[in-house]
Amino acid sequence: MPRELSKTYNPKEIEQPLYQEWCDKNYFTPSPDKNKEHFTIVIPPPNVTGQLHMGHALDETLQDTIVRFKRMQGYNTLWVPGTDHAGIATQIKVEETLRKEQGLSRYDLGREKFTDMVWEWKKKYGNRIISQIKAMGASCDWSRERFTMDENLSAAVKKVFVSLYNDGLMYRGFRISNICPRCETALSDAEVEHEDTEGAFWHIRYPLEDGSGYIEVATTRPETMLGDTAVAVHPEDERYTKFVGKTLVLPLVGRKIPVIADEYVEKDFGTGAVKITPAHDPNDFEVGSRHNLDTIIVINNKGIITEEGGKYAGLDRFEARKQIVEDLKEQGYLVKIEKCTHAVGHCCRCGTVVEPIASSQWFVKMGPLAEKAIEVVENGTIDYIPDRFSKIYMNWMKGLRDWCVSRQLWWGHRIPAYYCDDCGEITVSENEVTECPKCHSKHVHQDEDVLDTWFSSALWPFSTLGWPNKTEDLAYYYPTSVLITGYDIITFWVSRMITMGMYCMKEKPFSHVIIHGLVRDAQGRKMSKSLGNGIDPLEIIDKCGADALRFALLTGNSPGNDMRFSDEKIEAARNFTNKIWNAARFALMNIPDELTDTNLPSSDKLKIEDKWILTRYEELVSEVTENLEKYELGIALAKLYDFFWGTLCDWYLELAKPRLFDKEDAEGNTNTCRVLSFVLRGAMELMHPFMPFITEKIWQQLPHKGESIVVTDYPKFDSSLVFTKEAEQTELIISAIKAIRNRRTEMNVAPSRKAKVFIVSDEKNAFNDSNSPFFVKLAGASEVEYPDDMHDENSVLIVSDKAKIFIPLSDLVDMDAEISRLEAEKEKLLGEIARIDNKLSNEGFVSKAPAAVVEAEKTKRVGYKEKLDIVIASLAKYGK
RNA sequence: GGAGGUGUAGCUCAGUUGGUUAGAGCGCACGGUUCACAUCCGUGAGGUCGCGGGUUCGAGUCCCACCUUCUCCA
């Protein structure tokens with residue numbers, strides 16, 4: 001088995017072949033197994049027309065890291081992938097293409113041809129995002145890939161619709177919905193984004209029919225006055241009591257409308273009198289139904305004034321506003337225009353200002369459904385990570401209005417409701433209805449609308465596993481384990497999955513909801529197409545590899561918080577992958593091909609630096625495992641980075657070099673190789689969930705057991721490899737080396753100038769001849785001696801942990817400088833000791849703090865005292 | 001108006017259950033290429049943890065008020 005890695009790390013060469021191999025070997029394709037615990041994730045399905053952006057990249061990385069960790073831990077691990085048909089987004093996209101390429105609208109094609117065209121588009125481009133997710137290294141089970149409009153998932157949608165209808169939880173109602181005039185469809189509350197906008201209050205006079213005066217009203221949307229059917233005042237508002245019951249004449253229109261009293265009106269707001277437009281305002285609609293007012297629709301789904309608008313009919317709503325204001329002014333009805341900012345609803349897909357319009361839509365009655373969805377989060381059956389998002393969820397769930405689920409689109413699940421043209425009967429059925437069950441007429445037509453995209457997404461955790469069929473997958477893998485998604489779709493998606501999971505399955509859809517933030521640009525702006533500030537994850541994969549991208553996304557990222565993504569971050573990540581690659585390359589250059597087993601030398605053959613690195617490694621195993629189990633990925637990754645770079649590369653590899661290069665000590669050489677290969681392999685396994693490609697490639701080259709790192713066991717803590725004493729002794733050596741380097745640099749000693757080093761210490765296990773090579777290699781020592789005690793005024797004195805070190809650099813020694821340096825050190829040590837003494841003499845601290853904390857303070861004091869004694873003794877030798 | 005977040009080194013951010021002398025990356029300064037890596041190595045400077053109270057033996061961490069800034073909802 002020849003071991004070699006190319007001279008420079010080239011992710012492009014290794015990533016695709018490895019991914020292919022993993023898929024070919026079915027590592028990601030589990031089967032239900034009653035003897036094992038399952039771990040399931042369903043992917044938040046990306047839009048089928050979409051392209052991978054940083055948000056997906058973060059989402060997939062988080063999921064894949066957890067999935068790979070659980071798989072290595074031995075869980076029967078399933079990650080279900082798939083895509084969403086994304087009603088509005090996809091329809092808009094295809095319509096645009098149709099317009100651009102053929103100059104046609106969807107109406108020119110007709111419903112059937114148009115939806116055929118969307119399916120064609122889906123076949124052609126739907127796989128694009130899937131292959132991009134694969135490039136991230138995502139270990140999804142592609143044999144179980146789903147699409148929200150698959151046959152089975154569509155059947156699930158129908159079944160739920162019918163079931164809700166039969167339970168009285170789905171109804172067709174005439175009420176105000178937010179309509180996007182650009183998309184020409186109704187939207188749910190969640191799809192409307194409110195934005196503070198500069199606008200105005202137009203104050204308008206409505207004259208009394210009897211000519212005895214007028215009432216002044218204020219509105220932010222003057223064009224809606226065309227549909228006014230009343231003016232309302234508060235019943236207890238004395239200013240207006242005398243007007244209630246009288247009749248007003250609506251300016252420009254001439255309609256006679258009553259003055260009514262309703263508690264909805266706020267006395268102190270505006271003029272205290274409110275124009276009532278039941279057809280175009282949700283509150284007015286309520287008032288209208290309380291007072292039996294007419295609902296006159298004056299703006300249609302396209303934002304155009306209807307025939308009801310008289311001379312303004314046919315105008316765009318904003319053009320109509322201008323003209324109406326102009327006319328009011330001319331005819332003396334306009335009192336004043338007051339500037340103000342107010343929240344205006346926009347379509348979350350296209351940004352167009354939405355128009356509230358009364359229309360017939362299908363609604364899901366949320367009240368009864370929400371109860372259980374609230375309960376499972378309240379009682380902890382489902383928890384949010386971080387916890388604060390459960391508050392946001394609760395806030396939303398407790399203020400829920402009914403969910404408008406019908407959309408005036410062609411792309412989506414068509415509503416399974418049938419209307420009899422003869423008797424008007426509505427039949428809701430999973431099967432196509434061709435005859436009215438009431439009057440037996442054959443003149444029956446299906447509802448033209450489709451369902452909100454999120455309706456099918458709400459069923460995703462169980463519809464993908466086969467529901468409503470009783471499949472083996474559903475029985476074994478449901479409920480899923482965790483859901484990972486951004487906070488921006490808690491209201492759209494998470495809340496509805498919980499709601500529908502409780503309704504359809506009578507069981508939670510998942511146990512934990514892990515929420516992450518948005519990926520922003522270097523300036524903290526949202527990445528968007530219009531700003532052109534998006535960083536393309538594919539470009540980064542191309543240049544630096546998927547592992548570097550994954551590292552950059554997870555490092556320094558804490559749950560639920562937004563992160564900034566910058567070139568510097570990517571560069572740091574790429575440097576780390578390069579470091580890993582080179583460390584492995586170095587190891588493989590030294591580990592002989594004959595060494596194929598994974599055994600460690602017996603503990604009596606281990607040197608102290610071996611015991612030190614093994615101890616640090618075992619600590620890492622236990623900490624990282626704990627962090628991953630708590631889904632603290634950022635913390636785990638930081639520890640892995642520090643260990644690999646700061647501990648393994650900076651120290652162990654350097655400490656091991658003398659023995660690795662010593663071909664005469666064959667046994668020592670082999671032992672070192674065994675330890676190195678053990679720790680390096682372990683580090684690869686620990687890091688594999690985060691950086692799957694590079695770790696697999698290196699793992700394969702190192703001595704190993706098993707077929708692939710993907711399915712090997714995650715390292716387990718082994719207390720027999722913890723050598724506390726030797727680890728401490730090695731730390732003393734490292735401290736001494738650092739102290740020497742520090743002083744040499746401080747004194748501008750050229751690195752090329754080697755000097756003899758004398759170390760005085762009682763710690764003979766650390767400071768002895770066998771460890772001298774460390775000082776030669778790493779601290780510029782020409783040779784090392786270990787006298788019992790000494791003092792030399794012509795030497796530099798360095799006080800390190802449990803050691804005093806002399807370096808005879810007589811030409812560089814400035815006695816006065818030495819003395820003042822020692823005095824400064826003395827002061828510092830005295831300060832530290834005083835601080836600790838202060839603590840230890842505090843009755844409260846000694847009696848109430850945990851024993852371990854008190855003990856640590858005492859140990860620390862001993863260390864400082866030892867150093868202080870050396871400093872004082874040295875000063876004494878100088879006559880101070 | 002309601003809810004939630006944020007504020008820590010020049011910049012971007014970590015900081016787990018309250019417990020060493022508060023950390024990292026980048027940037028900066030100084031020095032370094034013979035034997036894995038200049039995408040590197042060594043050394044260093046740099047902090048009133050937003051402000052003020054409180055709880056505690058002990059607060060960056062918990063509580064209260066304020067300020068900054070961002071998001072969601074109305």
Side-chain angles (χ1 to χ4, degrees), chain A residues 5 7-9 189-190 192-194 196 342-343 345 386 388-396 398-399 487-488 490-491 517-518 520 522-524 526 544 548 552 555-558 560-569 571-590 623 626-627 630 632 634-639 641-642 645-646 649-650 653-654 657 660-661 737-738 741-752 778-780 828 831-832 835-836 838-850 852-854 856-857 859-861 863-864:
Chain A
L5 296 173
K7 180 140 193 205
T8 52
Y9 175 47
D189 291 342
V192 177
E193 286 172 351
H194 293 270
D196 278 342
H342 59 125
R388 66 171 187 269
F389 290 102
S390 61
K391 290 181 201 160
I392 290 174
Y393 170 83
M394 285 299 176
N395 212 22
W396 171 258
K398 290 187 174 170
Y487 60 68
D488 49 332
I490 291 176
T491 51
L518 304 176
R520 297 173 175 279
Q523 281 102 54
K526 236 176 177 172
C544 308
T555 194
N557 187 358
S558 64
N561 287 350
D562 290 353
M563 68 172 305
R564 294 187 193 201
F565 200 84
S566 58
D567 293 341
E568 288 77 49
K569 226 163 224 170
E571 211 171 302
R574 184 208 48 185
N575 292 353
F576 185 49
T577 55
N578 189 255
K579 187 72 182 178
I580 295 172
W581 187 258
N582 275 291
R585 216 158 64 81
F586 170 74
L588 292 167
M589 283 165 60
N590 289 284
E623 286 178 28
E626 200 184 321
N627 289 136
K630 291 195 275 184
E632 296 167 343
I635 294 170
L637 190 55
K639 284 176 182 168
Y641 177 91
D642 286 346
W645 202 318
C649 291
D650 288 351
L653 290 185
E654 296 304 325
K657 272 178 184 173
L660 280 177
F661 296 153
I737 291 170
K738 282 184 178 168
R741 283 173 176 173
N742 175 328
R743 278 308 291 289
R744 285 178 59 110
T745 306
E746 211 172 77
M747 296 173 70
N748 291 319
V749 182
S752 55
L778 302 173
K828 200 179 137 200
E832 288 300 329
R835 195 182 52 77
I836 292 172
N838 193 27
K839 245 183 177 177
L840 290 173
S841 63
N842 181 335
E843 179 59 33
F845 176 73
V846 179
S847 61
K848 288 183 186 168
V853 174
V854 177
E857 288 295 323
T859 312
K860 221 172 1 174
R861 192 187 186 285
Y864 288 140

What pairs with [X] under side-chain hydrogen bond (donor to acceptor under 3.5 Å, both in side chains), at least two apart in sequence or on another chain?
X	result
Asn590(A)	none
Arg741(A)	none
Arg520(A)	Asp562(A)

What's the closest nucleotide to the side chain of [X] if the choices are [options]?
X	options	value
Lys569(A)	rG19(B), rU12(B), rC26(B)	rU12(B)
Ala572(A)	rU16(B), rC13(B), rG25(B)	rG25(B)
Lys860(A)	rA14(B), rU20(B), rC26(B)	rU20(B)

Expected rows: protein N/O vs nucleotides 31-39 of chain B N/O, under 3.5 Å:
unit_1: rA36(B); atom_1: O2'; unit_2: Asn582(A); atom_2: OD1; d: 2.7
unit_1: rA36(B); atom_1: O2'; unit_2: Arg585(A); atom_2: NH2; d: 2.7
unit_1: rA36(B); atom_1: N7; unit_2: Lys657(A); atom_2: NZ; d: 3.4
unit_1: rA36(B); atom_1: N6; unit_2: Glu654(A); atom_2: OE2; d: 3.4
unit_1: rA36(B); atom_1: N3; unit_2: Asn582(A); atom_2: O; d: 3.1
unit_1: rA36(B); atom_1: N3; unit_2: Ala583(A); atom_2: N; d: 3.4
unit_1: rC37(B); atom_1: O4'; unit_2: Asn582(A); atom_2: OD1; d: 3.1
unit_1: rC37(B); atom_1: O2'; unit_2: Asn578(A); atom_2: OD1; d: 3.2
unit_1: rC37(B); atom_1: O2; unit_2: Lys579(A); atom_2: NZ; d: 3.0
unit_1: rC37(B); atom_1: N3; unit_2: Lys579(A); atom_2: NZ; d: 3.0
unit_1: rU39(B); atom_1: O4'; unit_2: Asn575(A); atom_2: OD1; d: 3.2
unit_1: rU39(B); atom_1: O2'; unit_2: Asn578(A); atom_2: OD1; d: 2.9

Q) Quick one: does Arg861(A)'s side chain have a donor or acceptor within less than 3.5 Å of a partner on Leu840(A)'s backbone? A) no
Q. Counting distance only, does the side-chain N/O of Ser841(A) pair as donor-acceptor with the main-chain N or O of Asn838(A) below 3.5 Å?
A. yes
Q) RNA chain B in dot-bracket, Watson-Crick or G-U pairs under 3.5 Å, [ ] crossing, | other strand? A) (((((.(..((((.....[...)))).(((((.......))))).....(.(((..]....))).)).))))).
Roughly how far apart, to the nearest Å, are [N] and [M] at atom [atom1]?
N	M	atom1	value
rC37(B)	rG42(B)	C1'	15 Å
rU69(B)	rU12(B)	P	16 Å
rU55(B)	rC72(B)	C1'	32 Å
rA22(B)	rA14(B)	C1'	11 Å

Check ring pair (Phe, Tyr, Trp, His ring centres under 6.0 Å) between [X] and all other residues, then give those that pass, not counting sequence neighbours.
X	value
Phe586(A)	none
Trp396(A)	none
Tyr9(A)	Trp581(A)

(Q) Both Gly844(A) and Gly560(A) contact RNA chain B. Taking the nearest nucleotide for each, which residue is further toward the 5' end? (A) Gly560(A)
Q. Toward the 5' end of RNA chain B, which comes first, Ile836(A) or Glu626(A), by nearest nucleotide?
A. Glu626(A)
**Q.** Nearest-angstrom distance from the residue atom CG of Asp562(A) to P of rU6(B)
**A.** 11 Å
Using a 4.0 Å heavy-atom cut-off, does [X] contact any base of the nucleic acid, only the sugar-phosphate backbone, or nothing at all?
X	answer
Ala856(A)	nothing
Tyr393(A)	nothing
Glu568(A)	sugar-phosphate
Lys639(A)	base
Asn561(A)	sugar-phosphate
Ser566(A)	nothing
Tyr9(A)	nothing

Q) Are any non-hydrogen side-chain atoms of Tyr487(A) and Leu518(A) less than 4.5 angstrom apart? A) yes
Q. By salt bridge (charged side-chain N to carboxylate O under 4.0 Å, His left out), which residues pair with Glu857(A), not counting sequence neighbours?
A. Lys839(A), Lys860(A)
Q: Applying salt bridge (charged side-chain N to carboxylate O under 4.0 Å, His left out), name anything that partners Lys630(A), two or more places apart in sequence or on another chain.
A: Glu626(A)
Q | Atom pair CG/CG of Asp642(A) and Leu637(A) - distance to nearest 0.5 Å | A | 9.5 Å
Identify each atom pair where a protein N or O and an N or O of nucleotides 71-74 of chain B are less than 3.5 Å apart, giving names and distance.
unit_1: rA74(B); atom_1: OP2; unit_2: His194(A); atom_2: NE2; d: 3.1

Q.
Set out, in order, the CA-CA distance, both residues' side-chain angles and the distance that settles side chain to side chain contact (heavy atoms under 4.5 Å, CB included) for Lys579(A) and Asn575(A), then state yes or no.
A. CA-CA 6 Å; Lys579(A) 187 72 182 178; Asn575(A) 292 353; over 6 Å; no
Q: Just say parallel, tilted or perpendicular for the rings of Tyr641(A) and Phe576(A), cut-offs at 30° and 60°.
A: tilted
Enumerate the protein-to-nucleotides 43-50 of chain B contacts in which both atoms are nitrogen or oxygen and the separation is below 3.5 Å.
unit_1: rG44(B); atom_1: OP1; unit_2: Asn742(A); atom_2: ND2; d: 2.8

